[in-house]
Amino acid sequence: MSHPSLLSAIRAGSKAVLQSSSLQQLLEVVLAFGNYMNKGQRGNAFGFKISSLNKIADTKSSIDKNITLLHYLITVVEKKYPKVLRLHEELRDIPQAAKVNMTELEKEINTLRSGLRAVETELDFQKSQVQQTGDKFVSVVSQFITLASFSFSDVEDLLMEAKELFSKAVKHFGEDTDKIQPDEFFGIFDQFLQAVTEAKQENENMRRRKEEEERRARMEAQLKEQRERERKARKAKETGEESGEFDDLVSALRSGEVFDKDLTKLKRNRKRITNQLADSGRERPVTKLNF
């Protein structure tokens, strides 16, 4: 990236953290969480170091080590403060600003300044010398110096504005401007934004897995219930058939029909036996044989 681009990134990043309403509200929620968790110890704090933001992802649940305070924070924010989720949109300039080291950038700009002055000094020296015919050094370099001076003047203005805005942003979050560089300052927010994105995705994955498990549980419960109904229906049918036969017998006993049938059968049996005995008692005719 060019120097103007780097300076513009610092300027844009500084404005973003200063003007982001989503970031401000999120930090208020984080502070409320911290005061609640530290109730009776270090509660009722009025603020916290921005470096503490990235410790939220390291605070794990005592029940499930895969769930952190950040996962819970995002869940609460999604339900109670959904507008805060515009955080990434409002802080879209942070990743670029996190790549800039102001100390190194100023060194490079100072090098350019020194180089430009060296060219101006050489130009002044050449102007004081007798110009040879066809020598275009003075005219060409003079034109270059004019354009370079304007461009460098813009860079210096950008540098001044970027430093002022960065200093304002650092002080706004209670940090020391002499001890923190843009890459470190904006890097904290950049890392936090990445952690939020990952935690949101993990929450969504967990939500989908839970829904899938609940769906399977419902299907298994329905299948189990259906099988139980079928089993009861089969049992009821078998019981009904046995009960039907018993009921028919009871009905026949009550009506006496069973006795009538048995008595008739008994009479028929007795008559058949009597007839058989009578037939056997009669003398059979003897067939005369002629020899």
Practice problem: Decide yes or no on salt bridge (Lys or Arg N to Asp or Glu O under 4.0 Å) for E228 and R231, but give the supporting numbers first. | Solution: CA-CA 5 Å; E228 183 66 17; R231 186 188 66 80; 2.6 Å; yes
Practice problem: Would you check, one step at a time, whether the test side chain to side chain contact (heavy atoms under 4.5 Å, CB included) holds for I188 with N54? | Solution: CA-CA 7 Å; I188 293 171; N54 293 314; 3.7 Å; yes
Quiz item: Which is it for I67 and M206 under the side chain to side chain contact (heavy atoms under 4.5 Å, CB included) test, yes or no, and what are the steps along the way?
Solution: CA-CA 10 Å; I67 299 177; M206 287 188 286; 4.2 Å; yes
Exercise. Could you check V196 against I74 for side chain to side chain contact (heavy atoms under 4.5 Å, CB included), going step by step and ending with a plain yes or no?
Key: CA-CA 8 Å; V196 168; I74 293 173; 4.1 Å; yes
Practice problem: Show your working on side chain to side chain contact (heavy atoms under 4.5 Å, CB included) between L27 and F173 and close with a plain yes or no. | Solution: CA-CA 11 Å; L27 295 178; F173 288 95; 3.6 Å; yes
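The structure places CG of L193 at 4.5 Å from NE2 of H88, a figure rounded to the nearest 0.5 Å. Distance CD/E204 to CD/E202: 12.0 Å, rounded to 0.5 Å. Note that CZ of R207 is 5.5 Å distant from CD of E78, once rounded to the nearest 0.5 Å. Taking CZ of R86 as the reference point, atom OG of S20 lies at 9.0 Å (rounded to 0.5 Å). To the nearest 0.5 Å, atoms CD (E106) and CG (N101) are separated by 9.5 Å. Here L116 contributes atom CG and T111 contributes atom OG1; the two are 12.5 Å apart, rounded to the nearest 0.5 Å.
In this structure, R218 and R215 have side chains that are in contact, with non-hydrogen atoms separated by less than 4.5 Å. For the pair L123 and V138, the minimum side-chain heavy-atom distance is below 4.5 Å. Side-chain contact check for F48 versus L53: some heavy-atom pair is nearer than 4.5 Å. Looking at heavy atoms from C-beta onward, L18 lies in side-chain contact with K168 at the 4.5 angstrom threshold. When side chains are defined from C-beta on, L112 does not count as touching V155, because their heavy atoms never get closer than 4.5 Å. F192 places none of its side-chain heavy atoms less than 4.5 Å from the side chain of L91. At least one side-chain heavy atom of R11 sits less than 4.5 Å from a side-chain heavy atom of L158. Between S21 and K83, the closest side-chain pair of non-hydrogen atoms is not below 4.5 Å.
Judged by distance alone, with hydrogens and angles left aside, the side-chain atoms of Q181 form a donor-acceptor pair with the main-chain N or O of T103 at under 3.5 Å. The closest donor-acceptor contact from the side chain of E90 to the backbone of S22 lies under 3.5 Å.
Side chains of E198 and Q194: no donor on one and acceptor on the other come within 3.5 Å. A side-chain donor-acceptor contact under 3.5 Å links R113 and N110.
Note: F166 and F185 have perpendicular aromatic rings, judged against thresholds of 30 and 60 degrees for the angle between ring planes.
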